[in-house]
Amino acid sequence: NAGVTQTPKFRILKIGQSMTLQCTQDMNHNYMYWYRQDPGMGLKLIYYSVGAGITDKGEVPNGYNVSRSTTEDFPLRLELAAPSQTSVYFCASRPTGDGEQFFGPGTRLTVL
Amino acid sequence: KNEVEQSPQNLTAQEGEFITINCSYSVGISALHWLQQHPGGGIVSLFMLSSGKKKHGRLIATINIQEKHSSLHITASHPRDSAVYICAVRWGGNNNDMRFGAGTRLTVKP
């Protein structure tokens, strides 16, 4: 199993551009999450999904959108990139129940 | 004030030393997680616990629900233990909302 994969690994955007961060898991997990990690700060939850077709906002959802059309994929969309969205983004998944989370390798995004 | 506080923020130890990292939280939780973030950025789960104590090799995690406190211990530390250790709690009210501490950066010198 590849686990949780994310693409791209790095990206530089100009202010106002849009992009989609891809996340795929091959463990048949129902729960998927998007986090951002800023220097010196804890990870913060952006959006999560409890299954295909179901998504909900986390702690810091503004400026982002998500969709969950399949169990495997949970893309994160930035519509109008802003410098405040410069961060490292982690996707994670876990099985139903109170199990551990599995994290992707992260995407480092810079908005200039 | 963060819901999850870790101490210390930074820790430097000599190889072989016993390490303790502390985590305090301020809300009711259903579970607490300890994570390890490698220098390359990847995050792996070390422990998930809701009571008592767990042990994996040289790592031990304890939690005191009444005191809202958890500790991560590393016995016989090794330079390969150098990483950021992150405490995270799953809120009792929303099982999908996890709150994370800022992490403890551990450096173990040979």
Side-chain angles (χ1 to χ4, degrees), chain A residues 2-6 8-11 23 25 27 29-51 54-61 66 68 74 87-110, chain B residues 1-10 21 23-51 54 56 59 61 63 65 70 83-105:
Chain A
V4 181
T5 56
Q6 291 182 237
K9 285 188 168 53
F10 305 93
R11 183 74 187 269
C23 175
Q25 53 92 10
M27 297 172 282
H29 288 168
N30 283 327
Y31 294 81
M32 294 188 75
Y33 305 84
W34 274 107
Y35 298 98
R36 60 177 288 171
Q37 185 180 39
D38 300 318
M41 307 284 287
L43 283 84
K44 292 193 183 297
L45 180 64
I46 304 171
Y47 271 96
Y48 67 95
S49 170
V50 301
I54 305 169
T55 62
D56 210 343
K57 296 177 180 178
E59 189 180 1
V60 290
V66 293
R68 184 93 182 271
F74 190 40
S87 190
V88 181
Y89 291 84
F90 288 96
C91 179
S93 73
R94 70 173 177 92
T96 305
D98 209 8
E100 65 173 289
Q101 287 198 2
F102 295 82
F103 287 82
T107 295
R108 185 175 295 275
L109 176 67
T110 303
Chain B
K1 185 180 186 302
N2 289 338
E3 294 94 347
V4 182
E5 296 281 353
Q6 286 186 237
S7 62
Q9 286 186 318
N10 295 284
I21 299 170
C23 175
S24 296
Y25 53 91
S26 57
V27 293
I29 67 169
S30 60
L32 183 143
H33 297 248
W34 281 102
L35 311 169
Q36 181 190 54
Q37 186 167 25
H38 299 292
I43 299 173
V44 296
S45 178
L46 298 175
F47 293 102
M48 185 191 74
L49 62 166
S50 54
S51 65
K54 287 190 175 180
H56 290 159
L59 273 61
I63 187 168
I65 296 292
S70 175
V84 175
Y85 292 84
I86 300 169
C87 173
V89 299
R90 191 178 305 285
W91 287 48
N94 178 352
N95 200 39
N96 289 293
D97 193 355
M98 279 183 65
R99 300 298 168 101
F100 295 77
T104 294
R105 184 175 298 277

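Side chains are part of it too, since the values below use all heavy atoms of this structure and drop only hydrogens, waters and symmetry mates. In what follows, chains carry the letters A, B, and so on, assigned in the order in which the sequence lines appear, proteins first and then strands, with residues in each chain numbered from 1.
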Exercise: identify the closest heavy-atom pair between A:Glu100 and B:Ser45: OE1-CB, 3.2 Å

Chain B shares the most heavy-atom pairs under 4.5 Å, among A:Asp56, A:Leu43, A:Asp38, with A:Leu43

Non-hydrogen side-chain atoms of A:Tyr33 and B:Met98 separated by less than 4.5 Å: no

For B:Arg99, is it the side chain, the backbone, both or neither that has a heavy atom under 4.5 Å from a heavy atom of chain A? side chain

Quick one: of B:His38, B:Gln6, B:Gln37, B:His33, who has the most non-hydrogen atom pairs under 4.5 Å with chain A? B:Gln37

Heavy-atom count around A:Glu59 CD within 6.0 Å, excluding the residue itself: above 12? yes

Is A:Phe90 in contact with chain B via its backbone, its side chain, both, or neither, using a 4.5 Å heavy-atom distance? side chain

B:Ala102 and A:Gly40 have their tightest heavy-atom pair at CB-O, 3.6 Å

Heavy-atom distance under 4.5 Å to chain A: side chain of B:Ile43, backbone, both or neither? both

